[in-house]
Enquirer: 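Before anything else, here's the structure in question.
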Amino acid sequence: MRETIICIGRTAEKPYCFPETGISVSSYEEICYYFSNYMICYLYTLPEEEFLYFIREELGLDKLYRQLVKLTDADRDQMKYFSALFREGSYFSEDEIRRILDEYRNLKNLPYSLQSKRLGDVYLRAGRASMAIHCYGEALKQGELEGKEAGAVCHNRGIALARLFRFHDAKIQFVKAYQHGGEEESLFCYYCMIALTEGLEKARRELEGFQVSELSQEAFESRFAEANEAFDYSEEAVREEKLRFLMENGKEEEGGLLYKKTVRDFQKAFRRELDVDENLLTVNVPVPRSDAP
């Protein structure tokens, strides 16, 4: 968590990681801060049972543990769970708690499509691209979003797809985003996808069909060149160049070892996305109300 949080209570020796976002906490104060910013993840489900054990075993908050255990019944009002959590300590004032719970109530009353969109945005920021793609798909299939709202969902879905190297699918989403919202940023992302996969000349030709001004096209090319230049100085580019040098200069064995290490590092970095938690897909996405289309 990036902000500085003053913790006056016990700090856990072993942090707890919320599976929904991958964010870790080590104190009661961090827990309060976390939930105040990620209530959208808990509209239809409560934190897993392991979280309660963390509160009791790592933080020594036995009273709070006993309170929350009584409020985990599916038939109970979930707001009571968070109300008890926030009011156990003194991290938030009473006015702040009321504001947070009012925001939670407002989120619960949003249309399903907007709940899914906001949840997708949270997952995208948290690096959960697979979950973000799922939520954006839920938001779009309701047919409730139009214009710039629909364009924003398609654009963000394109970003999530690109992060998983699904460039073809990403291109489709960026075009849809531009058609809905008319934002040139979506068209720039489409340009980048083509430039990366099919070359700059093909990307330039594609832009002609969208009647992009020369000024915008020059701006696209400049931004893409800057991104390429930044990559040239990255650790990934250095390793790629080293691998190419080894393979082209008779050092296949050393190059093979470096290649295997690169693949292992890649798999480790993306394992969370490659192995999507099916349980999260079923319990941590909004559930349409009976009156939803």
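For clarity, every value in this text was computed on a predicted model and none was experimentally measured. In this chain, residues are counted from 1 in sequence order.
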Enquirer: Can you list everything that forms a salt bridge (Lys or Arg N to Asp or Glu O under 4.0 Å) with R98? Sequence neighbours excluded, please.
Expert: E94, D95

Enquirer: Identify whether the distance between the nearest side-chain nitrogen and carboxylate oxygen of K117 and E144 falls below 4.0 Å.
Expert: no

Enquirer: Could you work out, with side-chain contact (heavy atoms from CB on, under 4.5 Å) as the rule, every residue matching A84, not counting sequence neighbours?
Expert: L68, L71

Enquirer: Say whether E49 and Y53, considering side chains only, have a donor N or O and an acceptor N or O under 3.5 Å apart.
Expert: yes

Enquirer: Using salt bridge (Lys or Arg N to Asp or Glu O under 4.0 Å) as the criterion, list what pairs up with E218, not counting sequence neighbours.
Expert: none

Enquirer: Run L61 and R56 through side chain to side chain contact (heavy atoms under 4.5 Å, CB included) and show every step you take.
Expert: CA-CA 5 Å; L61 299 173; R56 183 184 64 185; over 6 Å; no

Enquirer: Ignoring hydrogens and geometry, is there a side-chain-to-backbone donor-acceptor pair from R128 to P19 under 3.5 Å?
Expert: yes

Enquirer: Taking the side chain as everything from C-beta on, heavy atoms only, tell me whether I31 gets closer than 4.5 Å to L59.
Expert: yes

Enquirer: Check whether L215 and L187 end up in the same hydrophobic cluster, where Ile, Leu, Val, Met, Phe, Trp and Tyr are linked by side-chain heavy atoms less than 4.5 Å apart.
Expert: no

Enquirer: Would you tell me whether S116 and S113 have side-chain atoms, one donor and one acceptor, within less than 3.5 Å of each other?
Expert: no

Enquirer: With a 4.5 Å cut-off on side-chain heavy atoms, are P15 and V25 touching?
Expert: no

Enquirer: What heavy-atom pair brings C192 and F224 nearest, and what distance separates the two atoms?
Expert: SG-CD1, 3.8 Å

Enquirer: Looking at Q78 and L43, what are the two nearest heavy atoms and their distance?
Expert: OE1-O, 2.8 Å

Enquirer: Apply side chain to side chain contact (heavy atoms under 4.5 Å, CB included) to the pair E58 and E13, showing each step before the final yes or no.
Expert: CA-CA 7 Å; E58 289 288 336; E13 293 184 9; 4.0 Å; yes

Enquirer: For E221, enumerate each residue passing the salt bridge (Lys or Arg N to Asp or Glu O under 4.0 Å) test, keeping only those at least two apart in sequence or located in another chain.
Expert: R204

Enquirer: Could you tell me which residues satisfy side chain to side chain donor-acceptor pair (under 3.5 Å) with E50, sequence neighbours excluded, listed by chain and number?
Expert: none

Enquirer: Show your working on side chain to side chain contact (heavy atoms under 4.5 Å, CB included) between C154 and L140 and close with a plain yes or no.
Expert: CA-CA 8 Å; C154 291; L140 291 169; 4.0 Å; yes

Enquirer: Looking at every heavy atom in both L52 and Y65, which two are closest together, and how far apart are they?
Expert: O-CD1, 3.2 Å

Enquirer: Heavy-atom distance under 4.5 Å between the side chains of V122 and C41, does that happen here?
Expert: yes

Enquirer: Kindly indicate whether the side chain of K70, heavy atoms from C-beta on, has any atom under 4.5 Å from the side chain of Q67.
Expert: no

Enquirer: Does any non-hydrogen side-chain atom of Y136 lie less than 4.5 Å from one of L124?
Expert: yes

Enquirer: For S93, what residues pass the side chain to side chain donor-acceptor pair (under 3.5 Å) criterion, not counting sequence neighbours?
Expert: E96

Enquirer: List the atom of D121, the atom of N156, and the distance in Å for their closest heavy-atom pair.
Expert: OD1-ND2, 3.0 Å

Enquirer: Among residues at least two apart in sequence or on other chains, which ones pass side-chain contact (heavy atoms from CB on, under 4.5 Å) with E149?
Expert: L114, L145

Enquirer: Show the nearest heavy-atom pair for residues L107 and Q115, with the distance to one decimal.
Expert: O-NE2, 2.9 Å

Enquirer: Which heavy atom of A129 sits nearest a heavy atom of A160, and at what distance?
Expert: CB-O, 3.7 Å

Enquirer: Rounded to the nearest 0.5 Å, what separation is found between the CZ atom of F220 and the OH atom of Y191?
Expert: 9.0 Å

Enquirer: Is there a donor-acceptor pair under 3.5 Å between the side chain of T45 and the backbone N or O of Y42?
Expert: no

Enquirer: Quick one: side-chain contact (heavy atoms from CB on, under 4.5 Å) partners of E206, sequence neighbours excluded?
Expert: Y190, I194, K202

Enquirer: Under the ring pair (Phe, Tyr, Trp, His ring centres under 6.0 Å) test, which residues partner Y16, sequence neighbours left out?
Expert: F18, F51, F54

Enquirer: Check whether any side-chain heavy atom of E20 sits under 4.5 Å from a side-chain heavy atom of Y38, and report yes or no.
Expert: no

Enquirer: Partners of R166 by salt bridge (Lys or Arg N to Asp or Glu O under 4.0 Å), sequence neighbours excluded?
Expert: D169

Enquirer: Quick one: side chains of residues 170-182, donor-acceptor pairs under 3.5 Å with protein atoms, not counting sequence neighbours, listed by atom name and distance.
Expert:
{"residue": "K171", "atom": "NZ", "partner": "E198", "partner atom": "OE2", "Å": "3.0"}

Enquirer: Taking the six-membered ring for Trp, are F35 and F82 ring centroids under 6.0 Å apart?
Expert: yes

Enquirer: Hydrogens and angles aside, do Y123 and T21 bring a side-chain donor and acceptor to less than 3.5 Å of each other?
Expert: no

Enquirer: Is it true that a side-chain atom of T197 and a backbone atom of M193 form a donor plus acceptor pair closer than 3.5 Å?
Expert: yes

Enquirer: Verify, without hydrogens or angle tests, whether Y104 (side chain) and S36 (backbone) share a donor-acceptor contact under 3.5 angstrom.
Expert: no

Enquirer: Hey, does I97 have a side-chain heavy atom less than 4.5 Å from the side chain of R87?
Expert: yes

Enquirer: List for me each residue that meets side chain to side chain donor-acceptor pair (under 3.5 Å) alongside K63, sequence neighbours excluded, and say none if there are none.
Expert: none

Enquirer: Working to the nearest 0.5 Å, report the span between CG of N37 and OH of Y33.
Expert: 4.5 Å

Enquirer: As a quick check of understanding, evaluate side chain to side chain contact (heavy atoms under 4.5 Å, CB included) for E103 and M39, giving each step before the final call.
Expert: CA-CA 9 Å; E103 290 176 359; M39 297 294 276; over 6 Å; no

